[in-house]
Number of protein chains: 4
Amino acid sequence: MNARRRSADRTETIMQTALDLAREVGYAKLSMEAVATRAGVGKDTIYRRWPSKALLFLDAVLSSRITGLEHPDTGDIVADLREVMIRAVDLLAQPPWGPLYQELIGEAQHNPEVAAALNERFIQPQTADTLARLKTAEEQGQLAPEFDLDLAFEVLSGPLYFRLLITHQPMTPDYIDRLLQAVFAGMGPQPQS
Amino acid sequence: MNARRRSADRTETIMQTALDLAREVGYAKLSMEAVATRAGVGKDTIYRRWPSKALLFLDAVLSSRITGLEHPDTGDIVADLREVMIRAVDLLAQPPWGPLYQELIGEAQHNPEVAAALNERFIQPQTADTLARLKTAEEQGQLAPEFDLDLAFEVLSGPLYFRLLITHQPMTPDYIDRLLQAVFAGMGPQPQS
Amino acid sequence: MNARRRSADRTETIMQTALDLAREVGYAKLSMEAVATRAGVGKDTIYRRWPSKALLFLDAVLSSRITGLEHPDTGDIVADLREVMIRAVDLLAQPPWGPLYQELIGEAQHNPEVAAALNERFIQPQTADTLARLKTAEEQGQLAPEFDLDLAFEVLSGPLYFRLLITHQPMTPDYIDRLLQAVFAGMGPQPQS
Amino acid sequence: MNARRRSADRTETIMQTALDLAREVGYAKLSMEAVATRAGVGKDTIYRRWPSKALLFLDAVLSSRITGLEHPDTGDIVADLREVMIRAVDLLAQPPWGPLYQELIGEAQHNPEVAAALNERFIQPQTADTLARLKTAEEQGQLAPEFDLDLAFEVLSGPLYFRLLITHQPMTPDYIDRLLQAVFAGMGPQPQS
DNA sequence: TGGTAAACGAGACGGTACGTCGAGTCTTAGG
DNA sequence: CCTAAGACTCGACGTACCGTCTCGTTTACCA
């Protein structure tokens with residue numbers, strides 16, 4: 001089948017090589033030249049597929065099947081949220097995903113294309129999945145009726161991102177429990193009137 | 001103490017120039033050569049003071065007096081938190097601070113020195129200030145007695161960082177109100193058992 | 001033989017530019033950056049071809065066809081030597097060759113590679129050509145039978161180099177005549193036995 | 001006379017240090033910074049005495065007493081010339097004088113001040129001394145009456161400079177003998193008419 | 001003999017160029 | 001036409017010295 005002269009084969013090889021190299025030296029020191037050489041591929045073959053180093057990297061990271069972040073539905077919303085948060089945090093805890101994801105977000109800070117693609121391909125699906133699960137819970141009366149559902153993903157994941165990106169404190173299961181506890185219970189002294 | 005012969009004059013000029021240029025072209029495209037040229041300074045004069053572009057930039061951003069982020073104490077903890085959050089968000093909303101702060105955090109993702117310095121010089125003081133204000137509120141019974149105070153800064157600012165860095169959605173006063181409401185009221189359906 | 005993909009085109013352009021610049025500002029003030037800029041070429045493209053400014057300069061000077069320094073054979077050895085010496089001196093008298101050749105030799109004084117290349121590519125062929133012509137003359141009995149032929153080139157050109165490099169006195173046709181006269185006649189009071 | 005507050009002491013130290021360093025790394029890699037540091041002297045202290053690196057070097061080389069190049073007068077002009085040539089060549093043969101003198105002449109090729117100073121301070125006295133000795137010999141009838149005395153220094157030393165600067169062939173006593181023999185006997189076949 | 005101006009060490013300074021590196025584009029030869 | 005290879009332009013890197021210019025601090029003259 002030579003009609004498809006951009007063989008999917010090479011696309012895969014390149015992404016895998018990019019990922020391997022990124023693990024070894026980090027995104028910042030990743031060079032297209034090194035990727036091309038190690039993949040045994042001409043630089044043009046890479047640029048024919050991705051317009052820049054950043055977008056190759058993004059593609060490589062996001063395509064490397066990060067699975068298991070869909071919400072289960074056991075009927076217990078807190079347990080289900082906890083489950084997904086734990087899984088996410090486990091993923092980020094074990095190399096290379098934490099550093100790679102960090103660097104990807106770092107790159108997004110001065111590269112609107114990366115920022116947009118990251119949102120579209122990762123953040124929004126994740127948000128939507130969480131929202132769907134929360135909707136179900138709401139219908140089952142497991143949430144405060146007046147709670148601002150659209151905010152929920154941000155309130156729950158915001159602190160995780162804050163630790164990942166800013167303070168680099170560990171995100172332990174215990175931390176997640178405290179976080180869920182705090183967010184579900186609220187800071188206020190009593191049921192607000 | 002003969003080490004201190006570097007004129008504060010130049011130090012100031014360089015940081016200001018770096019800041020100006022960063023506003024114009026962004027941190028990513030900021031070059032030491034451009035800073036040196038525009039500041040009318042030799043490159044060595046810069047490298048004598050900062051070991052890298054990243055640390056110059058950090059210094060420039062953090063030294064450019066960002067003030068007004070200390071917590072007032074009007075006796076109303078929610079109002080006081082709101083006040084500071086509004087001010088922070090106003091700062092980030094108006095150029096150049098938002099983009100610069102974003103890029104600074106972006107750089108921190110692959111530069112441990114920047115990450116450490118950012119934490120020490122900006123995040124930790126900010127956290128401590130918030131915590132102090134919350135302690136006062138707690139003593140005055142304005143908070144749920146069991147609330148996890150150490151988490152509070154993360155829970156409140158996490159979502160803001162999430163918007164700033166990830167989704168780039170606007171952080172309006174209304175959004176802050178919704179956030180405070182959600183966090184104070186909690187997600188749970190009733191007085192928790 | 002894939003090594004040869006460097007376009008001869010660029011090679012030529014670079015040497016010509018180097019030569020032009022050297023004429024304008026001299027070798028000492030010649031900079032690789034200036035050559036690259038004026039030639040519209042990346043610095044690497046230069047460094048890929050020549051390992052140093054010195055060797056580029058040498059190549060540029062020696063490649064810029066200096067012709068007409070081969071010995072004629074009119075049958076009169078003195079006239080033929082005179083002819084070549086006059087031509088050499090004319091070449092050096094008119095800019096830019098004099099200064100360029102001087103500076104090239106200057107560079108050779110602290111750069112063995114330049115010294116070696118200069119010898120191989122210019123001095124030795126010149127010496128050999130002179131020696132050949134002298135051999136012919138000898139066979140024709142135009143030279144003292146016991147004269148040290150291997151010395152001849154040095155005895156005749158040495159004084160020219162001395163003037164070129166050390167005293168910078170002019171090398172006029174008259175001077176050449178005096179030199180030939182002196183060397184052919186000898187300093188001694190009479191025919192040595 | 002307070003003008004003279006520059007201690008001769010330091011002047012001497014600096015020249016000696018320059019010379020030492022030049023021996024170690026060569027003139028080309030000699031840096032004023034290194035001279036200053038090793039001499040334990042501020043850079044200004046050097047620049048107060050010499051206007052440039054080149055002139056410091058010249059001064060250092062020429063001041064380091066090169067003696068014994070004056071012509072003796074034993075009555076035998078050939079023997080006397082030979083004596084001085086041998087001594088000169090011995091000096092240049094043993095490090096560091098050969099390389100240093102070469103580099104000095106190299107520098108003179110693009111530095112008129114050095115060239116001028118070198119001529120005035122070294123070449124001209126040397127020439128004058130030789131000429132004086134030749135004059136005596138002429139009066140004593142040891143030279144061909146019509147020989148061009150002004151040329152003599154050039155004819156004799158030219159070949160030596162040629163070897164020193166261009167071909168780097170050794171200048172042995174034997175070579176000097178051959179040179180003297182050739183120059184005194186002349187290249188021509190007979191007593192010239 | 002103490003006061004003061006120069007010479008001094010130290011090294012910061014504005015500049016210029018170095019040689020290296022990598023991004024992204026372009027060229028060549030082969031299949 | 002797509003590919004591997006790698007040359008190309010461009011621009012920035014961080015370094016090294018140049019020769020100049022402050023800084024205090026000796027020194028050594030002279031008042």
Side-chain angles (χ1 to χ4, degrees), chain A residues 2-7 10 28-37 39-54 56, chain B residues 1-7 9-11 28-37 39-53, chain C residues 1-7 9-11 29-37 39-53, chain D residues 1-7 9-11 28-37 39-54 56:
Chain A
N2 64 343
R4 202 43 348 215
R5 295 274 275 290
R6 268 176 213 177
S7 89
R10 268 181 188 84
K29 299 200 168 173
L30 182 64
S31 85
M32 292 303 251
E33 235 130 51
V35 173
T37 301
V41 133
K43 284 207 283 179
D44 259 15
T45 301
I46 304 182
Y47 280 105
R48 219 172 279 124
R49 290 167 168 76
W50 296 273
S52 70
K53 181 173 89 154
L56 162 59
Chain B
M1 96 229 49
N2 62 342
R4 209 45 356 204
R5 294 265 285 295
R6 293 172 198 160
S7 93
D9 186 23
R10 251 80 164 207
T11 303
K29 299 201 167 170
L30 183 64
S31 82
M32 294 302 250
E33 308 225 287
V35 174
T37 301
V41 135
K43 283 206 280 182
D44 261 13
T45 301
I46 303 182
Y47 282 109
R48 218 174 279 125
R49 290 167 167 74
W50 297 275
S52 67
K53 181 173 86 153
Chain C
M1 91 231 53
N2 61 344
R4 207 48 356 209
R5 294 265 286 296
R6 292 173 199 157
S7 92
D9 184 25
R10 250 83 165 206
T11 303
K29 299 200 168 171
L30 183 64
S31 82
M32 294 303 249
E33 308 224 285
V35 174
T37 301
V41 133
K43 283 205 282 181
D44 260 14
T45 300
I46 303 182
Y47 282 110
R48 216 175 281 125
R49 288 168 168 74
W50 295 276
S52 67
K53 182 173 85 155
Chain D
M1 261 313 245
N2 64 343
R4 209 52 343 219
R5 295 269 279 292
R6 291 173 200 162
S7 91
D9 182 27
R10 265 167 189 97
T11 303
K29 299 200 167 173
L30 183 64
S31 85
M32 293 302 251
E33 236 130 48
V35 174
T37 302
V41 134
K43 284 207 283 178
D44 258 16
T45 301
I46 303 182
Y47 281 105
R48 220 173 277 125
R49 290 167 168 75
W50 297 274
S52 67
K53 182 172 86 154
L56 161 59

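Letters go in sequence order (proteins before strands), and every chain restarts at 1. Atoms considered below: every heavy atom in the structure, side chains included; atoms not considered: hydrogens, waters and symmetry mates.
- Looking at which nucleotide of DNA chain E each of B:R48 and C:K53 is closest to, the 5′-most match is held by B:R48.
- With rounding to whole Å, A:L56 atom CG is found 13 Å from E:dA23 atom C1'.
- When distances run from any side-chain atom of C:R10 to the nucleotides F:dC8, F:dC18, E:dG19, the shortest one goes to F:dC8.
- Residue C:T45 is classed as a base contact, given a heavy-atom separation below 4.0 Å to a base.
- When the side-chain contact (heavy atoms from CB on, under 4.5 Å) test is applied to D:A54, the partners found at least two apart in sequence or on another chain are D:Y27, D:S52, D:E107, D:N111, D:V114.
- Using a 4.0 Å heavy-atom criterion, one finds that B:S7 contacts the sugar-phosphate atoms exclusively.
- In this model, the phosphate group of E:dA7 is not approached by any side-chain N or O of D:R49 to a distance below 4.0 Å at OP1 or OP2.
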Open item on the list: So if I define the base as every atom that isn't primed, P, OP1 or OP2, how would nucleotides 20-25 of chain F read as a B/S/- string at a heavy-atom cutoff under 4.0 Å?
Closed with: BBBB--
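- In this structure, B:K29 places its NZ atom 14 Å from P of F:dC13, rounding to the nearest Å.
- In this view, D:S31 and D:E33, D:A34 satisfy the side-chain contact (heavy atoms from CB on, under 4.5 Å) rule, not counting sequence neighbours.
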TODO: Decide yes or no on side-chain contact (heavy atoms from CB on, under 4.5 Å) for D:W50 and D:T11, but give the supporting numbers first.
DONE: CA-CA 10 Å; D:W50 297 274; D:T11 303; 3.8 Å; yes
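- In this structure, CG of B:L30 is placed 12 Å from P of F:dG14, rounded to the nearest angstrom.
- In this entry the distance linking CD1 of A:I46 with P of F:dC2 reads 17 Å, nearest Å.
- Across all their heavy atoms, B:S7 and B:R49 have their closest contact at O-NH2, 3.1 Å.
- Positionally, the nearest nucleotide of DNA chain F for A:E33 lies more toward the 5' end than for the other of A:E33 and D:E33.
- Along DNA chain F, the nucleotide nearest B:A34 and the nucleotide nearest C:V41 are compared for position; the residue whose nucleotide lies closer to the 5' end is C:V41.
- Looking at every heavy atom in both residues, C:G42 comes nearest to C:A36 through C-CB, 4.3 Å.
- Although no hydrogens or angles enter the test, the distance criterion places no donor-acceptor pair under 3.5 Å between the side chain of D:K53 and the main chain of D:M32.
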